[in-house]
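Right, one structure below, let's go through it.
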2 protein chains.
Amino acid sequence: MTEPLPPFPVPEGHDDLLDDLKKLNALPEVVPAPGEPPRLRADAARNRTRLLEVAARLADEGGAARLTMEAVANAAQVGKGTVFRRFGDRTGLLIALLDHHERELQAAFLTGPPPLGPDAPPVERLRAFGAAVIRHDHAHRDLYLAAHADASRRHTSPAGLLRLSHLCMLLRRAEAPGDVELLAQTLLGYLDVSLVDHLVARRGMTLERLEDGWTHLVGRLAGKG
Amino acid sequence: MTEPLPPFPVPEGHDDLLDDLKKLNALPEVVPAPGEPPRLRADAARNRTRLLEVAARLADEGGAARLTMEAVANAAQVGKGTVFRRFGDRTGLLIALLDHHERELQAAFLTGPPPLGPDAPPVERLRAFGAAVIRHDHAHRDLYLAAHADASRRHTSPAGLLRLSHLCMLLRRAEAPGDVELLAQTLLGYLDVSLVDHLVARRGMTLERLEDGWTHLVGRLAGKG
DNA sequence: AGGGCAACCGGACCCTGGTCCGGATAGCGG
DNA sequence: CCGCTATCCGGACCAGGGTCCGGTTGCCCT
């Protein structure tokens with residue numbers, strides 16, 4: 001369960017990914033922030049992990065719906081204020097909860113085996129990335145949907161920025177023509193949880209169809225010249 | 001100010017657009033719904049328009065933020081329950097408010113002059129559509145952003161469905177290869193208010209750049225075979 | 001060891017979205 | 001013109017998110 005929040009390990013050999021992150025002003029959150037690993041006080045740290053444990057339990061008992069700030073506070077034997085101070089707001093709590101899953105995904109595409117990880121040609125990695133994200137997010141859609149309620153956060157959360165810069169990097173390596181950042185945003189939009197969920201749940205599409213759509217999209221957008 | 005809600009006039013010569021709407025299960029909301037123009041009682045109708053007027057005033061005085069249900073109710077000299085019964089929830093009120101602007105846009109791309117309206121080749125209409133939507137939504141982003149808080153509504157509102165099916169139609173006429181509905185969703189995602197706003201406000205992009213990006217995207221996705 | 005201070009804690013408090021139901025009223029048929 | 005009912009109205013009520021501040025406590029420095 002996601003402890004005090006060590007910034008994730010951007011592996012060696014990904015300098016251009018780092019460049020992208022830099023350009024996206026994501027540094028303070030994503031990279032070791034040289035001087036300030038805002039150490040929690042002992043009791044605070046203890047409470048933090050207890051809160052996350054409790055929250056995780058509540059979440060998979062009653063779904064994200066039952067995950068109310070007060071419920072978490074009570075179940076963790078803590079005042080409501082404490083929850084807010086620690087996580088800022090409900091969205092913050094949700095993001096913290098998802099952080100764990102998110103890291104699994106990140107590990108897969110940053111350092112995992114091909115075709116998702118390095119050692120595969122960029123276009124292939126792009127395809128794999130889409131499929132992985134679709135399945136991953138869909139598996140945890142409850143929480144992701146709840147977290148996405150906050151529209152602005154979607155574009156500024158560390159996890160989102162990492163996905164974005166990863167796409168930028170792959171597109172650049174694939175020598176995709178055009179405005180790379182906008183292309184990446186377009187692709188990211190296709191993977192949006194709420195869109196995928198809507199297409200699956202309300203329009204009856206299968207994940208396979210969505211993956212095929214992704215493949216086609218990548219083929220069209222990442223093709224050279 | 002948007003009266004009792006006459007369903008919008010899908011003009012002659014757009015049969016395929018209607019087909020798309022049908023396929024999207026959008027009929028009940030979008031098309032004249034033969035038997036049920038749910039007539040409001042006189043007092044109800046009166047209240048409805050008063051509420052919309054008041055809401056519009058509040059909205060451009062204090063921004064969407066000041067648009068609280070109770071405030072609207074009070075300003076319109078009406079109980080809070082009335083506002084909720086009429087519009088369902090806050091999002092409903094916002095959508096109703098936006099309906100007016102939305103119709104202007106719809107008129108432009110359904111029956112207006114080229115390149116937006118008919119009598120222009122599909123790809124050109126696609127380009128124009130993007131630019132128009134970007135500017136239109138951005139001009140009213142306050143309300144659109146507030147309305148978009150409800151993620152699920154974005155994909156099911158009549159206005160959104162119309163945009164979607166319009167894109168489907170144009171893509172089909174342009175003989176774009178691939179899964180037309182998914183392509184349309186992708187394009188729609190690019191135009192998402194919260195994305196555009198984020199790119200402009202937080203990443204410092206200009207609307208021109210976004211429009212260029214759109215043009216490029218259309219070129220890539222709508223090109224034949 | 002112990003003193004001082006920053007950080008933390010708790011829970012009362014406020015605000016707003018949303019629900020509910022007893023009472024009023026428009027509109028219709030006689 | 002009158003009475004009946006479906007519809008509407010109002011505002012009391014609830015829940016959940018977010019804020020605040022007086023009191024407490026870990027942590028560091030001497």
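All heavy atoms count here, side chains included; hydrogens, waters and symmetry mates do not. Everything numeric in this text was worked out from a predicted model, so none of it was measured. So that the names make sense, note that chain A is the first sequence line, chain B the second, and so on, each numbered from 1.
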| task | Give one of base, sugar-phosphate or nothing for B:Arg41, where a contact means two heavy atoms less than 4.0 Å apart. | result | base
| A:Leu40 has an atom CG; how far is it from atom P of D:dT25, in whole Å? | 19 Å
| B:Asp89 CG to C:dT16 P: how many Å, rounded? | 17 Å
| Are B:Asp137 and B:Arg163 close enough, and set up right, to give a salt bridge (charged side-chain N to carboxylate O under 4.0 Å, His left out), and what steps lead you there? | CA-CA 12 Å; B:Asp137 286 14; B:Arg163 290 182 185 193; 2.9 Å; yes
| message | Check the phosphate of D:dC8 against B:Asn47, side-chain N and O only, distance under 4.0 Å to OP1 or OP2. Yes or no? | response | no
| field | Nearest-neighbour nucleotide for the B:Thr82 side chain, C:dA26, C:dG10, D:dC9 considered | value | D:dC9
| task | Side chain of B:Phe84 only, please: which of D:dG17, C:dG18, C:dG10 is the nearest? | result | C:dG18
| said: Please determine whether a side-chain nitrogen of the Lys or Arg among B:Glu53 and B:Arg57 lies less than 4.0 Å from a carboxylate oxygen of the Asp or Glu. | reply: no
| said: What verdict does the side chain to side chain donor-acceptor pair (under 3.5 Å) test give for A:Tyr190 and A:Gln185, after you've listed the backbone C-alpha separation in whole Å, the side-chain angles of each residue and the deciding distance to 0.1 Å? | reply: CA-CA 9 Å; A:Tyr190 183 96; A:Gln185 291 283 16; over 6 Å; no
| request: Examine C:dG17: is either OP1 or OP2 under 4.0 Å from a nitrogen or oxygen in the side chain of B:Thr68? Give yes or no. | output: yes
| query | Could you state the CZ-P distance from A:Arg85 to C:dG10, rounded to the nearest angstrom? | reply | 8 Å
| query | Distance check: side-chain N/O of A:Arg90 vs OP1/OP2 of D:dG16, anything under 4.0 Å? | reply | no
| What is the nucleic acid contact for B:Arg86, judged by heavy atoms within less than 4.0 Å: base, sugar-phosphate only, or nothing? | sugar-phosphate
| request: May I ask you to verify whether the side chain of B:Lys80 and the base of D:dG10 hold a donor-acceptor pair under 3.5 Å? | output: no
| said: I want to confirm an ordering. Mapping B:Gly81 and B:Arg46 to their closest nucleotides on DNA chain C, which one lands closer to the 5' end? | reply: B:Gly81
| request: Round to the nearest Å and state the distance from A:Leu51 atom CG to C:dC9 atom C1'. | output: 12 Å
| query | 5'-most contact on DNA chain D: B:Glu70 or A:Glu70, nearest heavy atom basis? | reply | B:Glu70
| field | For atom CZ of B:Arg66 and atom P of C:dC15, their distance in whole Å | value | 15 Å
| message | Expressed as a whole number of angstroms, how long is the span from B:Leu93:CG to C:dT16:C1'? | response | 14 Å
| field | Atom-to-atom span, CG of B:Asn74 to P of D:dC9 - whole angstrom | value | 16 Å
| query | Nearest of C:dT16, C:dA12, C:dC8 to any side-chain atom of A:Asp43? | reply | C:dC8
| request: Before accepting this row, confirm whether a basic side-chain N of the pair B:Asp150/B:Arg154 lies closer than 4.0 Å to the acidic partner's carboxylate O. | output: no
| Interatomic spacing from CZ in A:Arg153 to OG in B:Ser194 - rounded to 0.5 Å | 14.0 Å
| field | Between D:dC8 (P) and B:Arg50 (CZ): distance, integer Å | value | 16 Å
| Selected nucleotide, minimal atom distance to A:Val78 side chain, candidates C:dG18, C:dG10, D:dC9 | C:dG10
